[in-house]
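Order of the sequence lines fixes the chain letters, A, B, ..., with proteins taken first and strands second; residue numbering starts at 1 for each chain.
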Protein chains: 2
Amino acid sequence: MAIRYPNGKLYTPNHSAQKAEKKSNNKDLSFSNRGKTLEDEINEANDYYIKRRLAIIHKKPVPVQIVKVEYPSRSAAVIREAYFRTPSTTDYNGVWNGHYIDFDAKETASKTSFPLKNIHEHQMTHMQQVTEQHGVAFIIVRFSAHERYFIVPYEVLQKAWQAMENGNRKSIPLSTIEQEAYEIPTNYYPRIDYLPIIQQLIDAKCYRSESEEK
Amino acid sequence: MAIRYPNGKLYTPNHSAQKAEKKSNNKDLSFSNRGKTLEDEINEANDYYIKRRLAIIHKKPVPVQIVKVEYPSRSAAVIREAYFRTPSTTDYNGVWNGHYIDFDAKETASKTSFPLKNIHEHQMTHMQQVTEQHGVAFIIVRFSAHERYFIVPYEVLQKAWQAMENGNRKSIPLSTIEQEAYEIPTNYYPRIDYLPIIQQLIDAKCYRSESEEK
């Protein structure tokens with residue numbers, strides 16, 4: 001069932017998608033991709049993977065702080081007062097062939113770079129912790145103006161984040177992303193088939209840790 | 001902040017814990033463990049693990065279907081109508097030393113067996129899928145009458161579930177759990193330190209698959 005805000009705007013229960021939508025130009029988004037959000041596209045891929053038993057990756061529910069619940073007789077409990085909470089983790093996680101997979105989805109309307117303000121500090125901390133435990137942490141970035149999608153490994157984010165904290169630029173240039181991240185080609189169905197790209201990321205990681213390069 | 005139902009009862013945002021609480025005798029529970037729910041105890045252990053960088057395991061938020069949101073000027077959005085949804089996965093997941101960990105928490109007031117009606121069919125499906133992807137799937141069961149805790153591996157549940165579907169008993173006897181599951185000893189802090197027990201489970205799995213026993 002589609003949920004609408006009082007002003008008629010469609011509700012999408014994803015904080016990052018919501019924010020990206022607000023920041024970017026709605027007309028651009030719907031024109032470039034038939035109105036599908038990045039969240040819709042990732043959910044489509046995840047459903048596809050689960051049905052074919054390829055991977056078990058789910059979006060986490062939106063965290064809400066429930067304050068008031070009513071119990072009408074003979075019907076379901078109704079939450080009458082609740083507030084959105086800031087998630088302490090990324091939005092998606094699961095397992096694929098023994099690998100723990102953990103990521104967030106971010107959209108940007110920028111044509112030239114990915115602004116780091118799209119990522120919260122606690123999400124960086126979470127991805128760091130996951131990496132320490134040998135999980136695979138990354139973000140999927142959509143450049144909506146170009147209709148291009150990338151898997152940006154945590155290590156790439158971390159380098160840019162560190163640079164920002166040292167007073168350097170607050171975004172990752174698209175050119176850097178083209179070099180250091182992994183582009184997801186778009187298909188008919190699922191539109192973003194990101195699983196084979198994660199394999200590339202894992203292979204590169206193993207190669208790097210074995211050869212001690214970089 | 002503690003949330004209370006209109007009748008003054010404390011709200012715990014965990015479906016399984018809620019159900020267990022309703023089914024079991026509240027007086028027994030609070031007497032035997034100072035009123036802490038199993039969820040509290042698992043959260044305590046998870047916090048402990050995250051702070052010491054031992055494992056990254058979180059409880060998933062309670063899934064709610066949001067129907068109506070209000071935007072009072074100059075204050076946070078308020079959810080005015082929402083409903084509890086049935087989760088499609090287990091409540092806890094995360095990563096530990098490269099292993100994907102996935103489990104649910106179940107309490108029973110029974111003194112002699114764990115009733116399988118505490119587990120939903122979709123949770124069995126989810127744990128099956130996780131196992132296929134080489135994740136570690138199990139439930140943590142608390143026998144509240146005895147104050148005993150067990151990690152029951154998916155394989156043990158699956159065998160009992162299959163037997164139930166073939167018309168046999170609808171519960172797992174405590175004696176079987178004592179033999180085939182892994183008991184979690186209780187400590188002072190964290191009360192249930194379940195991580196070392198998961199290692200036992202993983203070791204036993206490796207042993208079983210190597211020797212092809214059982």
To the closest 0.5 Å, what do you measure between OG1 (B:T89) and CD1 (A:I50)?
9.5 Å
d(A:R53 CZ, B:Q129 CD) to nearest 0.5 Å is 6.5 Å
Side-chain contact, heavy-atom cut-off 4.5 Å: A:R80 with B:R80?
no
Please report the interatomic distance OG1(A:T90) to NE2(B:H58), rounded to the nearest 0.5 Å.
8.5 Å
Derivation and outcome, side chain to side chain contact (heavy atoms under 4.5 Å, CB included), residues A:I101 and B:Y100
CA-CA 9 Å; A:I101 307 297; B:Y100 173 77; over 6 Å; no
Can you sort out the partners of A:Q162 under side-chain contact (heavy atoms from CB on, under 4.5 Å), two or more places apart, ordered by chain and number?
A:Q158, A:E165, A:N166
Take B:N93 and A:N93, measure what side chain to side chain contact (heavy atoms under 4.5 Å, CB included) needs, and give me the verdict at the end.
CA-CA 8 Å; B:N93 75 354; A:N93 75 355; 2.9 Å; yes
Drop me the distance from B:I79's CD1 to A:E81's CD, to the nearest 0.5 angstrom.
10.0 Å
Listed by number, the residues in residues 133-141 of chain B that come under 4.5 Å of chain A (heavy atom to heavy atom) are B:Q133, B:H134, B:G135
Set of residues satisfying ring pair (Phe, Tyr, Trp, His ring centres under 6.0 Å) with respect to B:Y194, sequence neighbours excluded
B:Y49, B:F103
Heavy-atom nearest pair, B:P63 first then A:P61, reads CA-CB, 3.7 Å
Kindly indicate whether the side chain of A:Y83, heavy atoms from C-beta on, has any atom under 4.5 Å from the side chain of B:V78.
yes
Can you give me the closest heavy-atom contact between A:V64 and B:V64, atom names plus distance?
CG2-CG2, 3.8 Å
Run the side-chain contact (heavy atoms from CB on, under 4.5 Å) test against B:A163 and tell me which residues pass, sequence neighbours left out.
B:N168
